[in-house]
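Before any comments, here is the structure.
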Amino acid sequence: MGIEFQSYIGRVVERLPELPCAVEGNVSFNTPVGSCVDRYGNLWLADTAHNRILIFDYALEQVIGHFGTIGSGPQAFNMPFRLLAHPEQPWIYVSDIGNRRIHLLTYDEQLNITSQHCFGDEPHVQLQGPNGLAFYQGELCVADEFYEGEGGASRLVVFSETGEYRRSIHQIEGPDGPIHLLWPQGLSLDQQGALYIANTGFATVVRCDWQGQGLPFEGTQKCYIDGLALARDVAVIQNRILIPGAEPNAISVYDLEGRLQGVLDGFFAPIQVTSLPEKNRLLITEPILASLQVHQVHLPSLKDQTVRATKVLQRIGDERDNPGQFHFVTAVAGQMTDNQSSSPRRQPFPLLESWLNHQLGWQDKLFQAMQPAGMPSWFSLAVAAQTEWVQRWQQTWLRILLNDKFDDPEALLWMVDAGNYQLQASDSGQADSASPISLPLLPGSLGIAAYTPRTRLPGQVDASVPMMIVGNYLSGIVSVFQYDPRLGELIPYTFFGGLGAEPWQLNKPQGIEIDPVTNDIFIADSGNNRIARWRINALGIAGLVEVFGRLGDGHGQFHTPTDITVIENGDLYITDQTNNRIEIYDNQHRWIGSFGQEGYGTRSDDFLLPTSIDYDGGYLFISDLVNRAIKVFQPDGTFVDSFCGFGADPDKGQLWMPYLMHVRKGRVYLPDCALNRINVYRFHHLNSHEEVPA
């Protein structure tokens, strides 16, 4: 038996016209991360999931250069992550995280870019996950995020400016003992050359010298800033320490003594902050929003722990809403029949459709023109979301007007396209086959499950098509949708839940599963660290049956349960994510076993943040996030097989941020919300007489 990559769903739109070209209308980013400014004032961006570097003029009006493609050669990348401009030479350092190396690029004023050489993948170094970069006095420091040292600790690696290995820093020597590194991401330095490390695994920012000696903050006498929600990155700008993610949807600002000065809000998930030459201007990447933004803020004026919005001066990156395209795809349900048509929906009026699409595009430009420069960041984010949601409604009615329907809605793969506020469906599984099939969803929709009532419910329009249960991570509301054959769309049927900690409420719900024995609805109530069980009665009313679990690491306790599956006899298997284990309960919610423990490994029950689980054909399938592995087990916890691969190569089934998995008839559908595609794998039962279709 074995698991292998088969194909993917999700159209890639990355071609550029002849350069230079206008940014607007030509550039759709795919989870951009790193940025820098070169010696000529051009802005460089790592368009990470597209495996390329894009160069813009300082006004961010034109694309003036690009470099790279997918691969492992000298002109290629596999997830270019961070960028750093050499302070004196016309060089750009690129952390090529999927290829486990650093690129040194040279360029001139005409943007003739060449790869001088790659380093860090030599046998005596072997970078495992090069991420953040910092440069000082002829040395380059690299945060090796996925290096596994003693006790699983990560490391920093120091090279000469041309890439000769100098030394590794495995721990920071603090006044109270060693400080270990776990999944370090961003690096920065102050004017004195002190190194700042976003120590993401421990949600801290650590300060040290270039030998690994800790440098305590005067405000706390500790070598680190703690109490953070997350440390996605760190940037020292204007004598302030900026930490994206230290507060949710915000950038926290500290002084150089480690004292909180305030919070910049109005973001979604910012990651890299780069200082621009023009005073008080910052270049900020928002990977999940697929945008690059210019903000204005006077950091030294931030004090007394105030919360303030920046001014958004510019935002570039076309919406990821082309046909067949995803934007933050999170979950999958349903199943396709074999040998489906590759043209899933009828489009009988192409001229009318073209005209209406043109009108929507013109309207989008009008909305953008009406948004003045210098809007507060929170208002800019709200306006962008509202505009996109309104346009989603217009596109829905366009499809209805054109009678744009699937021929066989009973046999579809349903996908949560969260960033586009919609469900999409496919009946062929081809790369560009996804097509919208729902009224607009509320922002924050995430998990999905197909639900077939045992008897037709009151008001159910088409009982032949499964209902869809969709959970909302932000509001705690779970919506039940039904298919309306007259519209060719999913429409709301009922809803339940709501944000809170009461038994009938939910907090950050993720995975959803239908019990094959009782037809009840199980929900991983992640924020409340419990499992909720709901039932829809014969009148179509959803009611709470029971909740079980609480915060902890003992049996009967969870720490961020993310997904759940139920096997034929009613036993429940739950991904207890932060406890790095799988918990097993019977259908009466009594604990009967568990397997798994924290650790790196792709062919064992060592887990690092197991995110999703499903059951098919007598086997359990588990998505192990940090190990970037799909692992197959027998129900007793015996390891069977695995597939692993970290990167962004669409033809190899590689993974970056896989989310909620779905398995049916030997096919594994695993959405990757950072790569914006759904990878499709095939599991072979060699001891079975059934052949899995190709």
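The first residue in the sequence is number 1, and the count goes up from there.
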How far does OG of S115 sit from CD1 of I92, to the nearest 0.5 angstrom? 13.0 Å
Steps toward salt bridge (charged side-chain N to carboxylate O under 4.0 Å, His left out) verdict (D624, R628): CA-CA 6 Å; D624 189 0; R628 269 73 182 196; over 6 Å; no
Considering non-hydrogen atoms only, spot the tightest contact between F267 and E286 and give its length. CB-OE2, 3.3 Å
Side chains of L260 and S252, heavy atoms from C-beta outward: is any pair under 4.5 Å? yes
Which heavy atom in I284 sits nearest to a heavy atom in H295, and how many Å separate them? CD1-CD2, 3.7 Å
Any luck finding a side-chain donor-acceptor pair between E164 and T162 under 3.5 Å? yes
In terms of relative ring orientation, are H103 and F77 parallel, tilted or perpendicular, with 30° and 60° separating the classes? tilted
Please determine if R240 forms a cation-pi arrangement with Y254, meaning its NZ or CZ atom is less than 6.0 Å from the six-membered ring centre and no more than 45° off the ring axis. no
Taking atom types as modelled, find out whether S291 and Q293 have a side-chain donor-acceptor pair closer than 3.5 angstrom. yes
Apply salt bridge (charged side-chain N to carboxylate O under 4.0 Å, His left out) to residues R677 and D672 and explain how you reach the verdict. CA-CA 6 Å; R677 60 175 173 257; D672 193 306; over 6 Å; no
What do you reckon, is NZ of K311 surrounded by more than 12 foreign heavy atoms closer than 6.0 Å? no
Looking just at side-chain N and O atoms, do T602 and S642 make a donor-acceptor pair shorter than 3.5 Å? no
Gap separating the CD1 atom of I241 from the CG atom of D190, nearest 0.5 angstrom: 8.0 Å
A quick test of your reading: do over 12 heavy atoms of other residues, nucleotides or ligands sit less than 6.0 Å from CZ of F268? no
Would you check, one step at a time, whether the test salt bridge (charged side-chain N to carboxylate O under 4.0 Å, His left out) holds for D121 with R100? CA-CA 6 Å; D121 53 354; R100 302 179 179 182; over 6 Å; no
Are a donor atom and an acceptor atom from the side chains of N579 and H559 found within less than 3.5 Å of each other? no
What verdict does the ring-ring contact (aromatic ring centres under 6.0 Å, His included) test give for H170 and Y147, after you've listed the backbone C-alpha separation in whole Å, the side-chain angles of each residue and the deciding distance to 0.1 Å? CA-CA 10 Å; H170 292 273; Y147 175 82; 5.6 Å; yes
Test salt bridge (charged side-chain N to carboxylate O under 4.0 Å, His left out) applied to E148 and R155, step by step: CA-CA 8 Å; E148 183 184 2; R155 66 174 178 176; over 6 Å; no
Six-ring centre of F159, R166 cation under 6.0 angstrom, axis tolerance 45°: no
Do the side chains of Y93 and H86 get nearer than 4.5 Å, heavy atoms only? yes
side-chain contact (heavy atoms from CB on, under 4.5 Å) with L133: of I102, V94, L187, only one passes, and it is I102
Could you measure the distance from the CE atom of M657 to the CG atom of N676? Nearest 0.5 Å is fine. 12.0 Å
Do any N or O atoms from the side chain of S604 and from the backbone of G601 form a donor-acceptor pair under 3.5 angstrom? no
Hey, mind stepping through E173 and Q171 against side-chain hydrogen bond (donor to acceptor under 3.5 Å, both in side chains) and telling me if it holds? CA-CA 6 Å; E173 301 299 332; Q171 60 186 27; 2.9 Å; yes
Taking salt bridge (Lys or Arg N to Asp or Glu O under 4.0 Å) as the criterion, tell me which of R101, R52, R82 meets it with D96. R101
W44/F67 aromatic ring centres below 6.0 Å: no
Answer yes if the ring centres of Y165 and F119 are under 6.0 angstrom apart, and no otherwise. no
Interatomic distance, L83 atom CG to S35 atom OG [nearest 0.5 angstrom]: 7.0 Å
For D605 and Q597, which I'm curious about, is there any donor-acceptor pair between the side chains at under 3.5 Å? yes
Can you find a pair of side-chain heavy atoms, one from T578 and one from N580, that are under 4.5 Å apart? no
Check the orientation of F328 and Y659. Use parallel for under 30°, tilted for 30 to 60°, and perpendicular for over 60°. perpendicular
Side chain to side chain, T31 and F29, heavy atoms closer than 4.5 Å: no
Side-chain donor-acceptor pair present, N78, Q654, cut-off under 3.5 Å: yes
Any D233 side-chain heavy atom under 4.5 Å of I243 side chain: no
Nearest 0.5 Å, please: how far is CG in N199 from CG in D226? 11.5 Å
Evaluate the side-chain proximity of N627 to C644: yes if any heavy-atom separation is below 4.5 Å, no if none is. no
For Y40 and Y107, take the angle between the two ring planes, folded into 0 to 90°, and tell me which bin it lands in: parallel under 30, tilted 30 to 60, perpendicular over 60. perpendicular
What heavy-atom pair brings P90 and R39 nearest, and what distance separates the two atoms? CD-NH1, 3.1 Å
Could you measure the distance from the CG atom of L608 to the CH2 atom of W183? Nearest 0.5 Å is fine. 5.0 Å
Looking at side-chain heavy atoms only, is the closest gap between L670 and L660 below 4.5 Å? no
Any side-chain donor-acceptor pair under 3.5 Å between T114 and T106? yes
Does the side chain of H66 come within less than 4.5 Å of I53's, by heavy atoms? no
Smallest heavy-atom separation, A269 atom then I288 atom, equals CB-CD1, 3.9 Å
Would you say the side-chain atoms of Q577 and T611 include a donor-acceptor pair closer than 3.5 Å? yes
